Each structure stands twice: as structure tokens, then as C-alpha cells.
Number of protein chains: 2
Amino acid sequence: MIVIGELINASRKDIGRAIEGRDAAAIQQVAKDQADAGADYIDVNAGIFVDREPEHVRWLVETVQAVTNIPCAIDSPDPAAIEAGLAVHKGTAMINSISLERERCENLLPLVADTDLKVIALCMSDEGMPETVDDRLKIADALVERLTGSMVKVENIYVDPLVQPMSVNNGFGMEFLNAVEAIMERFPGIHTACGLSNISYGLPSRKFLNQTFMAMAVAKGLDGAIVDPLDRKMMANIVAAEALAGRDDFCMNFLKAFRSGLFAF
Amino acid sequence: MIVIGELINASRKDIGRAIEGRDAAAIQQVAKDQADAGADYIDVNAGIFVDREPEHVRWLVETVQAVTNIPCAIDSPDPAAIEAGLAVHKGTAMINSISLERERCENLLPLVADTDLKVIALCMSDEGMPETVDDRLKIADALVERLTGSMVKVENIYVDPLVQPMSVNNGFGMEFLNAVEAIMERFPGIHTACGLSNISYGLPSRKFLNQTFMAMAVAKGLDGAIVDPLDRKMMANIVAAEALAGRDDFCMNFLKAFRSGLFAF
């Protein structure tokens, strides 16, 4: 499971302020905290600053990478912002995210074509959000075809089947989970990743629902997650579910996390 | 999801003593506590008292049913004990459990033949414990064939695929989970049920592992569980996972549990 730490997002008030004020120490603390908590990628998002997004993303990548050895997930639909981030990024970045929306796809495909970049591919098209397993598979088919047709290795693709709120339709959870399973089966070597907090939108006990849903998604094959790595219970669920799913040889990672106190709630 | 409360088991010291001393109040308290916590069946097991098992089971069924309206899961491989329990049971009992072991199967099949009893069918044969999905499916095939051939409705069968410890083999979790999924697909209308604490045998943080594994099993279709209903976090996982799996219309059960404080850890 790769964990993409989601906290450096300009839509969070403290982060937005730190970006505008060029408060490198504040950003670096959040980056280090996430890396220490087990993040594999640090997401950087400056999407609320429409005009200045490229320069902000560039600064974020430099600032984050000055204090961590892990790569960034450059989080924007804007090719200029992604290019600005990539220009200074060390190591292999992740692009968050391409989709099947025509404009987004046409703009971003050239950036990832024939590279080793990791790419999150959202199951979204100009027809809107998918609801069923079949909706998602159709979009995934087209996305994977375009990406691999542009010489992106299937191993570098993280399909995000998009979680929809179960408060809207109580079948949305299983449609998502079954889509994860179907995508992992259909494209050997591919990955799936998502932010799953949408599942609990409009309901109480959201954190607990999100944590529980994470374990369920791991059972169906999910191997990437965009989460808050400082949510210890979420990380505990991920570590435990990975071990239970047989993805942790000799439970080494689970036992290490246990010794570090991760399961001491 | 049906929840089978496991606490009235003579192998637990307090319960063994209460059975021997005919301490009805003690047994009834445990029965009521489990029913109040959401159990659908109360398991009764007097297996440690080899010679006196039938009379003890009979007393347990009478004692439990004097204070609860829910049925018992009569838990014995001994047909005499099961008959003794059934003789006084009100409503439709569950038999825990038949298996493909020749003696057990031949002894118990006549008791459940052509009845409306619910039956837990263990994926165990004289060749021992199954390890792979295929091992389990072979046994499940034979068990379902025998049971339905004896006029037991498929809707009354709860196949227990048997959980094996992941500390022995880290693939055992997924073999079990995939067996649940395969059994639910193969026999429309059937159920699966199990006690799943074996998964964490030999590891630390067992309760947390068991709770996480429950959510994963629900994602794969598990709809019966032999658990301690007084383990609030386990029950919280079950209620949340059921809602997330779309088995809780309008999240009514989840919201009721929320209002009762189930998620206030």
C-alpha cells in the first residue's frame, strides 16, 4: 500500500496562509510529520491560487524536498502547475491526477507520455461521476488504453474509482469496492488509489466509517490511499488490513508498528 | 448480518462453574447482556462436560430462553446433546455445527433433515483443516449437496469456511476471505458465518486485528459472525461495515447505533 499524505493542501487555512507567506518552516513541519507517520508521497496542492498556482507548486516541491527524501504527488489539473513542480522535483514524482475529461486528458497526457512518472487516473469523464462498477470500468478501460498507448507503464498507473457518498445511495460503497476488485483483476500489475472520506459525507462518526471502509477496500485489493497519515487509527487500519490481506511478509511491518505503539489507542 | 453471541461456553471458567452449580441467574445475565448488545442467537456450549452434556444443554436452553426472546445456537458435535436442547427449544434454533467429517455428518444429518433449523456447516473433513479457497469449496460443495439433499433449504445453511492463523501462513487471511466470496457467489441464497479470532493467533493487538478482519470479511460477503457481542468495538465494526456494504437501508441501523453511543470510544 502506498500512502499519499494529503495535508499540504492550500484549501486548508493554515496551509494556504503558509504558502502565501512563504513560511517554509510551517510547510516543512507538515511534510516531516507525514513522512515520519509513514507517508510514501507528500501531496502538494495550491489549487486555490488560480493565477499563481505554478509558482506556488514549484515552491512547495522545493520546500518539501529540502527536508524529506520521499517524492511528491503534484496535485493539480493544470499542466503549467505540474510542469513547474516537475522542473524542480528530485526523484520520480506522482501526478495527481489525470482523468478522461477531454481537456484535462489532452493537456496532461503529453506530460506523462513516455516517462516513469506515477499517475493517478480518476474514473471521471465529461459525462460526470460514475455510479456503477460498469461506469467505472468503461472509463478505466479508456484511461488505461490512452496511458499505455502513450508509453506509460501499467505499473505506474493508480486508478481512482472515485468514492461516492453512501448517504446518497447505500449501494455506492459496494459499487466502489467491486470496482476496485474488477480493476485490479482486469489490468494485471495496475494499482488503485483513492481518497475515501467521501463515503461518509453527511453521516456522523465519519472517521470511524472511513477507517472501516479502508479495511474493506484493502480486502478488495486497494493498494494506494490518499489520507491524513497523522490519523493514527487510519494508519493502524491500513497496517493491520495489509497484514491480514497477506501483503506483509511475516507480519514484519505490523509487528514494527505494534512496537512503535501504533495500536495503543 | 446475524450475530451469534459466543459467551455461554463452558470452557470459560465462570460459565463452567455456573452450569455445574445450576446458577441460572448468572447464565441469564450473560444471555440478556448479549441480547441487549445486539446478538441474534445465543450460543450454548457445555462441551467440557462429556458425560452430562445433554442435560446441561437442555438446562442452558431453558435457562436462556426464560429471559430472552431470541433463539439459541446449540453448540455441540454430539447428537444427544443437540436433541436434548431441541426438545425444549422454543422457536427455530441454530445447530452449531455439522461438518463433512464422516461420523459427525452421519450423526447430525438426520437431526436437521427436512426441518427449518438453521445449520452452521464447517468446512472441515476427515482430511483435516482446509487451507486454500479450493479446499474449502470442495468441502462446501459436498456439504451443501448433502444438506439440500436432506431437504435443508439453502437459505438455512451458514457455511463456516474456517479461519486459520495468519501467523502460520500470511496467505491464510485472503484464502479465507476469497472463500467467503466464492461460497456466497456459488450458492445463491446461502450464508457464511464464522468465529474469526483464530486469524490473529500468536500475534499482539489481537482484538484490533479481529475487528479489522471482520470489516474485510463483510466486504467479501460474510453475513454471520460468532463473536462476543459485548466487544463494543467489534460490534461497531460490524454495524459500520454492514452500512458501508449497503446492507443497511438509509443507514437506519448505523444511525440508531450512533445515537445509542456505540461509536463513542
Side-chain angles (χ1 to χ4, degrees), chain A residues 163 165-178 180-181 196 199-200 202-222 233 236-255 257-259 261-265, chain B residues 163 165-178 180-181 196 199-200 202-222 233 236-255 257-259 261-265:
Chain A
V163 173
M166 69 169 173
S167 55
V168 172
N169 177 331
N170 83 342
F172 278 170
M174 282 313 297
E175 292 294 336
F176 170 84
L177 294 171
N178 288 333
V180 168
E181 194 165 57
L196 43 66
I199 192 69
S200 60
L203 290 168
S205 291
R206 291 193 64 178
K207 281 197 160 194
F208 185 73
L209 284 171
N210 297 346
Q211 291 152 10
T212 306
F213 198 55
M214 175 62 77
M216 297 169 80
V218 170
K220 292 294 222 170
L222 188 80
K233 287 194 180 168
N237 265 277
I238 290 174
V239 171
E242 287 257 293
L244 290 159
R247 303 190 206 151
D248 179 8
D249 285 349
F250 305 106
C251 302
M252 294 287 275
N253 197 39
F254 169 77
L255 291 169
F258 169 75
R259 285 191 294 266
L262 184 64
F263 304 103
F265 310 126
Chain B
V163 173
M166 70 169 172
S167 55
V168 172
N169 177 332
N170 83 342
F172 278 171
M174 281 313 298
E175 292 294 335
F176 170 84
L177 293 172
N178 288 333
V180 168
E181 193 165 58
L196 42 69
I199 191 68
S200 60
L203 290 168
S205 291
R206 291 193 65 179
K207 281 197 160 191
F208 185 73
L209 285 171
N210 298 345
Q211 291 152 11
T212 306
F213 198 55
M214 175 62 78
M216 297 169 79
V218 170
K220 292 293 225 170
L222 188 80
K233 286 191 182 172
N237 266 276
I238 290 174
V239 171
E242 287 257 293
L244 290 158
R247 304 192 205 146
D248 178 7
D249 286 348
F250 304 106
C251 302
M252 294 288 275
N253 196 39
F254 169 78
L255 291 169
F258 169 76
R259 284 190 294 266
L262 185 64
F263 303 102
F265 310 126

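The sequence lines fix the lettering, A, B, ..., with proteins before strands; numbering per chain opens at 1. None of the values given here were measured: they were computed from a predicted structure.
- Distance check: B/Glu242 CD to A/Asn170 CG gives 11.0 Å after rounding to the nearest 0.5 Å.
- Ring geometry for A/Phe265 against B/Phe208 counts as perpendicular: the plane angle is over 60°, on a 0 to 90° scale with 30° as the lower cut.
- When heavy atoms are compared at a cutoff of 4.5 Å, B/Glu175 does not approach chain A at all.
- Across B/Phe250, B/Phe172, B/Phe263, the residue that shares the most heavy-atom pairs under 4.5 angstrom with chain A is B/Phe263.
- The residue among A/Met174, A/Met166, A/Met216 with the most heavy atom pairs within less than 4.5 Å of chain B is A/Met216.
- The line from CD of B/Gln211 to CD of A/Gln211 is 11.5 Å long, rounded to the nearest 0.5 Å.
- Counting heavy-atom pairs closer than 4.5 Å to chain B, the top residue among A/Asn178, A/Ile199, A/Asp248 is A/Asp248.
- Top candidate by heavy-atom pairs under 4.5 Å with chain A, chosen from B/Ala215, B/Gly173, B/Ala217, is B/Ala215.
- Looking at A/Leu209, the atoms closer than 4.5 Å to chain B (heavy atoms on both sides) sit in the backbone and in the side chain alike.
- Looking at B/Leu244, both its backbone and its side chain come within 4.5 Å of chain A, counting heavy atoms on both sides.
- With hydrogens and angles ignored, the 3.5 Å screen pairs no side-chain donor or acceptor of B/Asn237 with any backbone N or O of A/Thr212.
- Of the listed residues (B/Ser167, B/Ala240, B/Pro204), the one with the most heavy-atom contacts under 4.5 Å to chain A is B/Pro204.
- The parts of B/Ala236 that come within reach of chain A are both its backbone and its side chain, each placing non-hydrogen atoms under 4.5 angstrom from that chain.
- Side-chain contact check for A/Phe258 versus B/Leu203: every heavy-atom pair is 4.5 Å or farther apart.
- With a 4.5 angstrom heavy-atom cutoff, B/Ala243 touches chain A via backbone and side-chain atoms both.
- There is no contact between B/Phe176 and chain A, counting heavy-atom distances below 4.5 Å.
- No part of A/Asn169 comes within reach of chain B, as not one of its non-hydrogen atoms sits under 4.5 angstrom from that chain.
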